[in-house]
Amino acid sequence: MELLRTLTPLFTAQRLPVRCVQLRLNSSQRRRDDFRGHMSSGPNFQDFIRGLPHSQRSAEEHLTEPHDYLSEDLHMGNSRKVYFETYGCQMNVSDTQIAWSILQKKGYQRTASLNEADVVLLVTCSIREKAEQTIWNRLQQLTAMKRKRVKSQTPMKIGILGCMAERLKTELLEREKLVDVLAGPDAYRDLPRLLTVADGGQQASNVLLSLEETYADVMPVHHAPRGNSAFVSIMRGCDNMCSYCIVPFTRGRERSRPVGSVLEEIRVLSDQGVKEVTLLGQNVNSYRDTSQESFCDSAPTKLSRGFKTVYHSKRGGLRFSDLLDQVSRIDPDMRIRFTSPHPKDFPDEVLHLIADRANICKQIHLPAQSGSNRVLQAMRRGYTREAYLDLVDNIKKIIPDVSLSSDFISGFCGETEDDHQQTLSLIRAVGFNVGFLFAYSMRKKTHAFHRLNDDVPAEVKQRRLAECIDVFREEALKVNAALVGSTQLVLVEGDSKRSAEDLCGRTDGNMKVIFPKEDVPGRNAESSKAPISAGDYVLVQISSASSQSLSARSQLPERCCVTM
Ligand code: 5AD
Ligand code: SF4
């Protein structure tokens with residue numbers, strides 16, 4: 001990754017509506033992906049040793065029936081209603097769309113009402129203890145509801161999907177007895193079968209991680225009441241093994257979705273009028289499509305200068321710059337963003353492409369995590385403070401108006417007051433406009449859990465976090481104040497939440513802008529004035545700034561239809 005946002009960000013973050021997509025794949029692509037789908041959802045070794053005495057099978061297997069290969073159609077939803085609750089990062093929103101697409105094909109219906117749901121599925125996050133605690137609490141509430149339902153004879157099944165299913169499989173199934181179905185991030189294709197098993201009164205689980213599952217052939221159902229923005233997943237998993245992070249254990253190894261299916265999905269979104277696409281992945285700029293032999297020469301992956309990886313250099317494959325190049329050519333009026341990247345994967349060609357291509361937003365998330373070399377080394381981040389700052393300089397040189405955002409962790413194992421001061425100084429040195437700041441939360445299985453000491457007291461973590469937030473705000477205010485008087489191209493999202501008189505949109509740098517509603521001349525010469533609406537681009541002049549948003553007046557008396 002960097003993993004996507006799991007908390008409301010300190011400053012701005014995108015939570016934009018997205019809309020419905022019908023993905024068309026060409027037939028050879030479809031055949032290949034079907035085949036892969038079969039392979040990845042196919043039998044595992046255990047399925048062929050069904051005859052084993054129960055004592056030799058794992059606890060989880062006791063809980064599920066074997067695959068029912070010849071009777072796939074038995075696992076039909078029969079119009080039963082599914083209610084989804086999504087926690088954590090944008091990747092989980094994308095996973096919800098995939099899981100729903102799979103169930104929809106099997107005849108399930110989606111409901112927005114918990115009360116009428118036959119199946120409740122929580123798409124979960126494990127990144128920090130707090131995220132998991134929220135889900136445990138919710139699970140208690142849902143179980144109470146389920147018990148009442150049993151009495152009233154309208155049964156309800158509860159399923160846990162995603163990272164928490166992967167991390168806490170045994171606890172969730174055996175100790176707590178709260179859930180009927182568990183599906184890890186690579187097991188959503190198996191959901192119809194798991195739900196059928198659960199209908200038979202048993203708990204059912206599949207938490208197998210895959211080396212190749214990318215759900216390339218699953219049409220995500222983008223859920224978007226007024227969508228002009230969509231998220232498109234391009235890769236999954238992470239090979240970086242930062243010492244604090246659970247993601248490599250819950251989401252498995254890095255793998256990329258074939259370029260053809262990414263482009264096809266974005267073409268469809270463009271045809272539907274979507275104006276902004278965010279490419280998604282745990283480590284989005286480590287994208288490497290090796291699905292075709294022709295992509296696979298022996299050239300080693302290029303890294304940012306001064307950065308290294310914990311794994312051996314990877315060779316061959318179509319890289320992030322190739323994908324970004326092709327994606328940005330689909331529709332010049334469609335803004336392209338990506339999240340969440342790792343600082344190591346910004347070779348100059350990616351930066352030049354961002355600088356040169358008008359519709360690739362000049363906004364880069366650059367998770368630093370710490371400003372201290374000692375801590376960065378303990379975190380196994382593969383770079384020094386100096387290399388990070390050199391990268392920032394290089395980015396600013398190649399993309400002069402770039403907006404930078406970052407993630408930081410306060411109170412990591414062994415962090416001293418001096419280390420913390422270095423983090424504050426790095427925040428001051430760079431000038432980010434958006435930040436996601438967290439107190440360190442120890443996670444089992446990680447390198448830090450096994451080898452390091454979580455020795456910074458909770459109150460010290462909180463105090464340092466508060467200091468980081470204060471400095472971040474001061475710096476973000478300076479960055480935003482420098483925009484006052486400038487003209488910005490804003491993609492309109494809709495009404496401002498604060499006032500029905502105002503509209504809200506985002507700059508290329510992903511900063512929220514509030515500006516007054518005004519009618520402007522219609523799209524063609526004959527039409528009279530029309531209101532500005534969601535999905536329009538408007539040019540505005542920034543009139544004031546806070547650390548979290550900008551205010552503006554609209555500058556041009558007309559809807560902006562410049563081709564970017
Ligand atoms: N504790 C606190 N923050 C963490 N992050 C990842 N793991 C942890 C942890 N164990 C943060 C990192 C990452 C972001 C998504 O979450 O800053 O970039
Ligand atoms: Fe991001 Fe590091 Fe976690 Fe991978 S291991 S998801 S790079 S923080």
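Both ligands and their constituent atoms are indexed starting at 1 by order of listing.
Using a 4.0 Å cutoff on heavy atoms, Arg251 does not count as a contact of ligand 2. Put simply, part of Ala439 is less than 4.0 Å from ligand 1, judged by heavy atoms.
At a cut-off of 2.8 Å, Cys245 does not coordinate atom 4 (Fe) of ligand 2 through any N, O or S atom.
Residue Gln421 qualifies as enclosed at atom CD: its count of foreign heavy atoms under 6.0 Å is above 12.
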For this session: Take Met91 and Phe231 through the side chain to side chain contact (heavy atoms under 4.5 Å, CB included) test and state the conclusion after the steps.
Result: CA-CA 9 Å; Met91 204 67 195; Phe231 292 85; over 6 Å; no

Exercise. Does the pair His447 and Tyr244 meet the rule for a ring-ring contact (aromatic ring centres under 6.0 Å, His included), with working shown?
Worked result: CA-CA 7 Å; His447 175 86; Tyr244 50 82; over 10 Å; no

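Residue Asp186 holds its CG atom at 8.0 Å from OH of Tyr188, rounded to the nearest 0.5 Å. Of the inter-residue distances, the one linking Phe307 atom CZ with Thr384 atom OG1 reads 7.5 Å to the nearest 0.5 angstrom. Remark: Leu269 CG to Met334 CE distance equals 5.5 Å, nearest 0.5 Å.
At a 4.0 Å heavy-atom cut-off, ligand 2 touches Pro248 through the side chain alone. Residue contacts with ligand 2, taken as heavy atom pairs separated by less than 4.0 Å, involve Cys238 solely via side-chain atoms from C-beta onward. At a 4.0 Å heavy-atom cut-off, ligand 2 touches Met241 through the backbone alone.
Remark: ligand 2 atoms within the under-4.0 Å shell around heavy atoms of Arg381 are 2 (Fe). Atoms of ligand 2 lying under 4.0 Å from any heavy atom of Tyr244, numbered from 1 in the order shown and given with element: 8 (S). Counting atoms of ligand 1 from 1 in the listed order, those under 4.0 Å from a heavy atom of Phe438 are 3 (N), 11 (C), 14 (C), 16 (O), 17 (O). Under a 4.0 Å criterion applied to the non-hydrogen atoms of His342, ligand 2 contributes the atoms 7 (S). Those atoms of ligand 2 that come under 4.0 Å of a heavy atom in Asn283, given as number and element, are 4 (Fe), 7 (S). The contact set between ligand 1 and Arg443, taken as ligand atoms under 4.0 Å from a residue heavy atom, comprises 10 (N). Taking a cut-off of under 4.0 Å to the non-hydrogen atoms of Gln369, the atoms of ligand 1 that pass are 12 (C), 13 (C), 17 (O), 18 (O).
Figure legend: Arg189 and Tyr215 shown without cation-pi pairing, the cationic atom not lying both under 6.0 angstrom from the six-membered ring centre and within 45 degrees of its axis.
A donor atom on one side chain and an acceptor atom on the other are not found under 3.5 Å apart for Thr301 and Arg288. A donor and an acceptor atom, one from each side chain of Arg236 and Thr214, are nowhere located under 3.5 Å apart.
Taking only nitrogen or oxygen atoms, main chain and side chain alike, Tyr440 does not reach within less than 3.5 Å of ligand 1.
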